[in-house]
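Data first, discussion second: the structure below is written as structure tokens.
By convention in this document, chain letters (A, B, ...) are assigned in the order of the sequence lines, proteins followed by strands, and residues within each chain are numbered from 1. Scope of the values below: all heavy atoms of this structure, side chains included, with no hydrogens, waters or symmetry mates.
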Amino acid sequence: MEYLGRKDFIKSAFKTDIFKFRIGDLAQMTGVSTRQLRYWESKGIIESLSREGEQNARVYNYATYHRVQLIKDYLDEGYTLQAAVGKANDIMSAFAGFADIIYSAVQGVDTIDDQRMVDLGYFDAAKTQRLWASIDDNKEVHYHVKPVEDEQ
DNA sequence: GTTCTGACA
DNA sequence: TGTCAGAA
């Protein structure tokens with residue numbers, strides 16, 4: 001695993017693809033047995049990264065962790081494995097690009113008028129205004145459009 | 001100690 | 001799917 005450094009702290013907070021897990025880790029995290037994980041992989045339901053090391057052990061990424069957890073949840077709800085995989089595929093395709101957009105959209109943070117604000121980048125094509133978001137105690141998000149001049 | 005494959009219940 | 005064996 002790598003650490004991206006302080007400069008990219010905010011971005012690295014969303015950089016989940018640097019996480020790598022072994023089959024034992026994944027089994028503990030999701031409650032899915034190692035036997036099941038190997039079986040699912042043999043069926044093409046999940047994939048592991050290229051193997052490394054003398055043990056030739058499987059390595060899973062963060063996306064696979066989410067996929068396994070998703071399938072496991074549907075399994076617990078009573079779906080068959082096949083149906084659970086179908087459900088998981090639907091959800092994952094619906095959310096395709098979601099993380100990338102959030103990752104790209106967030107530019108940084110700042111404190112404006114004693115309020116914590118998240119910088120969401122330019123609001124208009126002319127780049128004269130910027131979009132900020134704050135969140136209150138009730139977890140309600142508020143948006144603010146501010147002229148670029150104000151911050152400089 | 002952990003993981004791998006294959007085999008059997 | 002669980003569990004075990006024998007090997008890496």
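When the P atom of C/dA8 is taken as reference, atom CD1 of A/Ile23 falls 20 Å away, rounded to whole Å. The nearest whole Å value for the distance from the OH atom in A/Tyr39 to the C1' atom in B/dT5 is 16 Å. If you measure from atom CG of A/Leu26 to atom P of B/dT2, you get 16 Å, rounded to the nearest angstrom. When rounded to the nearest whole Å, the span between CD of A/Glu41 and C1' of B/dT5 equals 13 Å. A/Tyr60 places its OH atom 16 Å from the P atom of B/dT2, with the value rounded to the nearest Å. When rounded to the nearest whole Å, the span between CG of A/Asn56 and C1' of B/dC4 equals 8 Å.
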Which protein N or O atoms sit under 3.5 Å from an N or O of nucleotides 2-6 of chain C?
{"residue": "C/dG2", "atom": "OP2", "partner": "A/Ser33", "partner atom": "OG", "Å": "2.6"}
{"residue": "C/dG2", "atom": "N7", "partner": "A/Arg35", "partner atom": "NE", "Å": "3.3"}
{"residue": "C/dG2", "atom": "O6", "partner": "A/Arg35", "partner atom": "NE", "Å": "3.4"}
{"residue": "C/dG2", "atom": "O6", "partner": "A/Arg35", "partner atom": "NH2", "Å": "3.3"}
{"residue": "C/dT3", "atom": "O4", "partner": "A/Arg35", "partner atom": "NE", "Å": "3.3"}

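Under the ring pair (Phe, Tyr, Trp, His ring centres under 6.0 Å) criterion, A/Tyr79 pairs with A/Tyr74, not counting sequence neighbours. Taking the side-chain contact (heavy atoms from CB on, under 4.5 Å) definition, one finds that A/Phe98 meets it with A/Phe95, A/Ile102, sequence neighbours left out.
Sorted pairs that involve residues 80-91 of chain A and meet salt bridge (Lys or Arg N to Asp or Glu O under 4.0 Å), not counting sequence neighbours, are lacking altogether. The salt bridge (Lys or Arg N to Asp or Glu O under 4.0 Å) pairs that include a residue from residues 64-82 of chain A are A/Lys72-A/Asp76, where partners are two or more places apart or lie in different chains.
Between A/Arg22 and B/dT3, a side-chain N or O to OP1/OP2 separation shorter than 4.0 Å is present. For B/dC4, one of the phosphate oxygens OP1 or OP2 lies less than 4.0 angstrom from a side-chain nitrogen or oxygen of A/Arg38.
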Validation: residues 24-31 of chain A side-chain donor-acceptor distances under 3.5 Å, sequence neighbours left out:
{"residue": "A/Asp25", "atom": "OD2", "partner": "A/Arg22", "partner atom": "N", "Å": "3.0"}
{"residue": "A/Thr30", "atom": "OG1", "partner": "A/Leu26", "partner atom": "O", "Å": "2.7"}
{"residue": "A/Thr30", "atom": "OG1", "partner": "A/Val32", "partner atom": "N", "Å": "3.2"}

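When heavy atoms are screened at a 4.0 angstrom cut-off, A/Arg58 is found touching the sugar-phosphate backbone but no base atom.
Between A/His66 and A/Tyr62, the angle of the ring planes goes over 60°, which puts this pair in the perpendicular group of the 30/60° scheme.
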